[in-house]
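Encoded as structure tokens, the structure appears first; notes follow it.
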2 protein chains.
Amino acid sequence: MKRTKVVDALQCTDFGKDINVKGWVRSHRSSKAVDFIALNDGSTIKNIQVVIDPAALDPEQLKNITTGACISVTGKLVESQGKGQTSEIRCGEMEIYGLCPSDYPMQKKGQSFEYMRKYGHMRLRTNTFGAVFRIRHNMAIAIHRYFHEHGFFYFHTPLITGSDCEGAGNMFQVTTLDLDRVAKSGKVEYDNDFFGKKTHLTVSGQLEGELGATSLGAIYTFGPTFRAENSNTPRHLAEFWMVEPEVAFIDQQELMDLEEDFIKYCVRWALENCKDDLEFLNKMIDKELIARLEGVLKETFVRLTYTEGFDILKKAQDNGVKFEFPVSEWGMDLSSEHERYLVEQHFKRPVIMTDYPSEIKSFYMKKNADGKTMQGTDVLFPRIGEIIGGSVREESYEKLLAEIRARGMKEEVYDWYLDTRKYGSCPHGGFGLGFERLILFVTGMQNIRDVIPFARTPKNAEF
Amino acid sequence: MKRTKVVDALQCTDFGKDINVKGWVRSHRSSKAVDFIALNDGSTIKNIQVVIDPAALDPEQLKNITTGACISVTGKLVESQGKGQTSEIRCGEMEIYGLCPSDYPMQKKGQSFEYMRKYGHMRLRTNTFGAVFRIRHNMAIAIHRYFHEHGFFYFHTPLITGSDCEGAGNMFQVTTLDLDRVAKSGKVEYDNDFFGKKTHLTVSGQLEGELGATSLGAIYTFGPTFRAENSNTPRHLAEFWMVEPEVAFIDQQELMDLEEDFIKYCVRWALENCKDDLEFLNKMIDKELIARLEGVLKETFVRLTYTEGFDILKKAQDNGVKFEFPVSEWGMDLSSEHERYLVEQHFKRPVIMTDYPSEIKSFYMKKNADGKTMQGTDVLFPRIGEIIGGSVREESYEKLLAEIRARGMKEEVYDWYLDTRKYGSCPHGGFGLGFERLILFVTGMQNIRDVIPFARTPKNAEF
């Protein structure tokens, strides 16, 4: 008999029909008259209840079916008497695929997240991580749908890069040189390395993305990105996923419209497609979660300049608000606490901050006429701080080259990038979204290591 | 005025209306009475024709608008007199965003693909590569749609892996050790490396994918994968994209059904959504292309065992067919020429080959009762050979452990993988699709370096 997924069986009202379900035992309660097994197959947060007449099965066998065991059950679908359940299954036949020894690490409920991180390969079988990774899937789908519907092309930028970019100190080196031989010979011969030169893992696909945008019109990247920062915090990963759309012929206003529309689309998608998982997380992890998501949809994002934001923060500080990093003078970089003050305390809704001082931002961002500020468009979110970093790009060949030189960067490394401005240059812009930050926001989880299946952090590359 | 994309402008029949289009000049023809500019913005393979009254513009300026220049044109949309075009635009106002100097590398038409590879950052602006990368986008969208519609969850397996797998000789090492210092000190201190041990770039996400499938029920990966093989061929990349679905509770027949249904969905998606681009490629690159794609949809794939396939090949050889690698004895690995003979010459349709000798396949594949063959399900395609490699996985803890030991693999490296069989094991299977091979098939292109935006190959990591 063809298997029915639990998500479908629970919605089926074709009572009296025989069906087959397969899955893992979440709990098993026994009494003399009847056994109840809560069965989950990963298709939904909800379990289907299997009702068993203990007399019909081998008692030894039945006793062995403990939490974590994998079974197949065929039987009649019946209307459930239990509250909040629609259907359950009366066990006719059962096949045991795999029992679960008592040292199963996910045996007990209510283990700490820290404990579960150690068992990253098994935590996927818990309710919380099932919910998180179904939502993560849905957010990825929402991203692809949004961009496809809006005429953007998914563009695969390379992960291994030969560009010796700024910030190379925080990059992972990629090599086929035998390190033991390097140590023995005392020489590093890049001529013999796979690519014939020093290569790294990319920290961003944006520059290559601009090549796509200035030919295909509008592209987005969505892939892994790497930072070799030695940061052991709940906000940092060495390997994480980034979404980087890049659009030709867009101006600063349109870019802000795109950012707001895009992120609202994702949040709306979660509310409409992940109801059960969100309700579970709202109950177990973060009681404000759903209200916070709905809040984002209701409000128009505040749009304010860095200068306006700085003045608000300065005034707040003068009025007694304490920041860990004091608000000192115009031109300083804002930190997460400042961003969150503006979003959570002052405006009580998301903020798009624009026109940052050029000096604290990247070389490729378009400067305003004042020569001091640039056309940035960062989105600041409650709980997260900066969730999107965006800007219009400098499209003038002369200005971009001057900026590269002024910053002491290696001109020859960027010749291919400069060519986009040399040949048929066009106004364009784009942004980057840290995918795990979006997932933190949408799930209410606190630690970024808990929203990616297998976290890579300093001293940790398990599984 | 809001910009209209060329793809939309060409479909618009609201003649007489003023619109704005922006894009890059593909060609500019001048005469005394009228100038014609073919404008492309990447949204479609088709250009929109801009009709210009030369008297209305500065003649110097007009002369400078050469192939590759970027302009914005506002004017009246009119019905086109030209054959095969619906609409064109009568230029009212023009703004020049960026001129294009005469050393523009994509100036001349009909350059070789080898030449264009050197200008990988500019080749995106040509008709062929525009078509290829719009199709690549569409294939990615088809993949996500298919799996989402079928209840699979997109699952992000790690790229940096600490598992010192078999085949580590072909892996890239990832490190933050300073190689110059390693050479100077004569020591490789992995304690000081970022992850505290030797790490590599993954060659497959399958093993981690199985962790996802045995908890979420059905997952797929879709991401970059790496092989440090020193192969300078039109079929090899050091960095390429793989799709790896993995499903709990699937048997060999269902897995074959899934593979066939999936790949037909992708091909159908291309035919339905990439008509203009396919027609272009059919005309310019491969006259059989569309017929070949339609052929795949029409036919049911042949399903045959390795043994049956081997016998056909042996008989063909006995009857005079010459293979570069002779068909010797049962148990040998088949090469691409053998696979293509079966598909292109013998059956003239795609083949799913099953039940290979266990010895030539991976340790995790489920053996048949004969002890000699395994439950493989590889899909062989015209022009490509193996496009999908799949199998049912061994779900027995004891058998899997015995196989790991028999192959002399390090048991302790696979403890987390073995846990899926130790705790609530379930029957499951999956497959891997080389994304670029699919794109080769769907575009008719010959060289794998031409279906990924920025190819990584030995001695080459440009851009």
Side-chain angles (χ1 to χ4, degrees), chain A residues 3 22 24 41-43 68-70 97-98 100 104 121 124-125 133-134 137 140-141 144 148 151 153-154 156 158-160 162 172-176 179-180 182-183 186-188 194-196 199 208 211 215-217 224 228 239 241 249 416 419 423-426 453-454 456 458-459 461 463, chain B residues 3 22 24 41-43 68-70 97-98 100 104 121 124-125 134 137 140-141 144 148 151 153-156 158-160 162 172-176 179-180 182-183 186-188 194-196 199 208 211 215-217 224 228 239 241 249 416 419 423-426 453-454 456 458-459 461 463:
Chain A
R3 166 191 170 216
K22 303 175 196 291
W24 293 270
D41 66 0
S43 63
C70 186
Y97 287 134
C100 192
Y104 178 49
H121 62 309
L124 301 163
R125 297 188 183 186
F133 293 119
R134 279 187 297 270
H137 158 77
I141 293 298
H144 283 296
H148 181 67
F153 301 108
Y154 187 27
H156 289 140
L159 270 68
I160 297 176
F172 289 100
Q173 187 168 354
V174 175
T175 183
T176 54
L179 265 55
D180 291 325
V182 168
K187 281 182 295 188
V188 190
F194 190 88
F195 296 109
T199 53
E208 290 91 351
L211 298 174
S215 49
L216 298 168
E239 176 180 331
W241 284 63
F249 312 117
W416 56 269
D419 276 358
Y423 303 109
S425 187
C426 69
F454 308 99
R456 267 71 186 107
K459 306 294 171 207
F463 317 113
Chain B
R3 166 191 171 218
K22 302 174 197 290
W24 292 270
D41 66 0
S43 62
C70 186
Y97 286 133
C100 192
Y104 179 48
H121 63 308
L124 301 163
R125 297 188 182 185
R134 279 186 297 270
H137 158 77
I141 292 299
H144 283 296
H148 181 67
F153 301 108
Y154 186 27
F155 191 68
H156 289 141
L159 270 69
I160 297 175
F172 289 101
Q173 187 167 354
V174 175
T175 183
T176 53
L179 266 54
D180 290 325
V182 168
K187 282 182 295 188
V188 190
F194 190 89
F195 296 107
T199 52
E208 290 91 351
L211 298 175
S215 49
L216 299 168
E239 176 180 329
W241 284 63
F249 311 117
W416 56 269
D419 276 357
Y423 303 110
S425 187
C426 69
F454 308 99
R456 267 73 186 106
K459 307 293 171 211
F463 317 114

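Values below: every heavy atom of this structure, side chains too, minus hydrogens, waters and symmetry copies.
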Interchain contact, [X] with chain A, by part (heavy-atom threshold 4.5 Å):
| X | result |
| --- | --- |
| B:K187 | backbone |
| B:P224 | side chain |
| B:E239 | side chain |
| B:T175 | both |

Locate the shortest heavy-atom distance separating [X] from [Y]; write the atom from each residue and the value.
| X | Y | answer |
| --- | --- | --- |
| B:G424 | A:W24 | O-NE1, 3.0 Å |
| B:C70 | A:C426 | SG-CB, 3.4 Å |
| B:L211 | A:L124 | O-CD1, 3.7 Å |
| B:W416 | A:H121 | O-CD2, 3.3 Å |
| B:G42 | A:F153 | O-CE1, 3.5 Å |

Do [X] and [Y] have side chains that approach each other closer than 4.5 Å (heavy atoms only, starting at C-beta)?
| X | Y | value |
| --- | --- | --- |
| A:F195 | B:F172 | yes |
| B:R456 | A:P158 | yes |
| B:L216 | A:R134 | yes |
| B:Y423 | A:R125 | yes |
| B:F454 | A:L159 | no |

Just so I understand: if I count every heavy-atom pair under 4.5 Å between each of [options] and chain A, which residue has the most?
| options | result |
| --- | --- |
| B:A69, B:P458, B:G196, B:G68 | B:P458 |
| B:T199, B:I160, B:D419 | B:I160 |
| B:D180, B:I141, B:T176 | B:I141 |

* To do: Verify the distance criterion only: is there a donor paired with an acceptor across the side chains of A:H148 and B:H144 at less than 3.5 Å?
  => no
* Report the distance from atom CZ of A:R3 to atom CZ of B:F249, rounding to the nearest 0.5 Å. =>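 So the gap between those two atoms works out to 5.5 Å.
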* Between CG of B:L179 and CG of A:L179, what distance do you get to the nearest 0.5 Å? ->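 Going from CG on B:L179 over to CG on A:L179, the span is 5.0 Å.
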